2 protein chains.
Amino acid sequence: MSGSEMKKKEAELCQHTCDHPDVVEEVRKAMPGEQLQQDVAQLFKVLGDHTRIRILNALYRSELCVCDLTSILGMNQSAVSHQLRVLRDARIVRSRKKGKNVLYSLDDSHISDLIRLGFEHVQH
Amino acid sequence: MSGSEMKKKEAELCQHTCDHPDVVEEVRKAMPGEQLQQDVAQLFKVLGDHTRIRILNALYRSELCVCDLTSILGMNQSAVSHQLRVLRDARIVRSRKKGKNVLYSLDDSHISDLIRLGFEHVQH
DNA sequence: TTATCATATGAGTGGCTGTTCATATGTCGG
DNA sequence: CCGACATATGAACAGCCACTCATATGATAA
């Protein structure tokens, strides 16, 4: 309660709180939980990679095996597998075995919506 | 055209293309341009950070100055400024001066939609 | 079984990125 | 002018991450 502990931090509060201290308090209370925000950030982080976006764009059209993706992306099979693991861990794609191959597809339709919205935004 | 240049790469094409070589070709042609995909990945990458998500959640409720954000997030003013720069460069937030302060707000309503969709997805 | 193809994975590495620290710029009040 | 406050920015550093290489697992065919 004493003002001393406030002074430890350099300047966490601006003096006049921009003339609206109540708004700041409102915003603070309305903030989503930390875990939830962390999860959302994690989701966007997984989507925020060139290779993974290309993989998702390919899978958006058709279920594909790893070597198909390797061919379409023109990159290392190992690199593709590593990124597929990231996408699988994030529950963005799912896989099923078919003989020697493993077929990948989008796990959730919500993800397509997210990506589509992302493209719309970038294209103005 | 000669097959020699294909052989340089170890195994870019699986032998049977998973029994659907035509589909692979279709997908390849339907892929969005590289630059576009890079831009989308960049957009998601900017959204894919805990601190930046928290900033956007705060700005979603109200226009705020840097010290307000510093207070709400409970972190270094410098760190907040650095992240605001990232968001500004990505045209996700915009700023305007008011006296000594700089007020930040969301630049585009599409961004709110994207974030909302992200939260919906995470919350099942 | 052995050989080959398809995929997964661990280790190592270079590059990127978020934070801190120090400092610079800019604005207002006195 | 000066001091105090608000914000921006550059440098340095630590942690993370995507790729490569080598190798392991698994499945099919002969």
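Treat the numbers as computed from the prediction; the structure is a model and nothing was measured. Letters A, B, ... mirror the listed sequences (proteins, then strands); counts begin at 1.
Across the protein-nucleic acid pair, Asp49(B) atom CG and dT17(C) atom P stand 11 Å apart, rounded to whole Å. In this structure, the CG atom of Asn101(A) is 10 Å from the P atom of dA8(C), given to the nearest Å. Between Leu69(B) atom CG and dA6(D) atom C1' the separation is 13 Å, expressed in whole Å. Across the protein-nucleic acid pair, Leu73(B) atom CG and dG18(C) atom P stand 15 Å apart, rounded to whole Å.
Every residue was checked against the ring-ring contact (aromatic ring centres under 6.0 Å, His included) condition with Tyr104(B), not counting sequence neighbours, and none meets it. Not counting sequence neighbours, the partners of Arg61(A) by the side chain to side chain contact (heavy atoms under 4.5 Å, CB included) test are Asn57(A), Val27(B), Ala30(B), Pro32(B). A search for side chain to side chain contact (heavy atoms under 4.5 Å, CB included) contacts involving His82(B) returns Ser78(B), not counting sequence neighbours.
With Arg52(B) contributing its side chain and Val46(B) its backbone, the two residues share a donor-acceptor pair below 3.5 Å. A distance-only check finds no donor-acceptor pair linking the side chain of Asn101(B) to the backbone of Leu103(B) [under 3.5 Å].
Checking the phosphate oxygens (OP1, OP2) of dA8(D), a side-chain nitrogen or oxygen of Tyr104(B) falls inside 4.0 Å. Taking 4.0 angstrom as the limit, Asn76(A) places none of its side-chain polar atoms (N or O) nearer than this to OP1 or OP2 of dC19(D).
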Heavy-atom protein contacts under 4.0 Å, nucleotides 22-30 of chain C, coded B base, S sugar-phosphate only, - none: B----BS--
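The distance from the CG atom of Leu56(A) to the CG atom of Leu87(A) is 5.0 Å, given to the nearest 0.5 Å. To the nearest 0.5 Å, the span separating CE on Met31(B) from CD1 on Ile53(A) amounts to 10.0 Å.
Non-hydrogen atoms lying under 4.0 Å from DNA chain D are contributed by Lys45(A), all within residues 33-46 of chain A. Near DNA chain D, defined here as any heavy-atom distance below 4.0 Å, the residues from residues 80-96 of chain B are Ser81(B), His82(B), Arg85(B), listed numerically.
Closest non-hydrogen pair, Thr70(A) versus Met75(A), comes out as CG2-O, 2.9 Å. Shortest non-hydrogen contact noted between Ile72(A) and Arg28(B) is CA-NH1, 3.8 Å. Closest heavy-atom contact between Ser105(A) and Glu63(A): CB-CG, 4.1 Å.
Within 6.0 Å of OH on Tyr60(B) lie no more than 12 heavy atoms contributed by other residues, nucleotides or ligands.
Listed candidates were dA8(D), dA6(C), dT19(C). Nearest to the side chain of Val102(B) is dA8(D).
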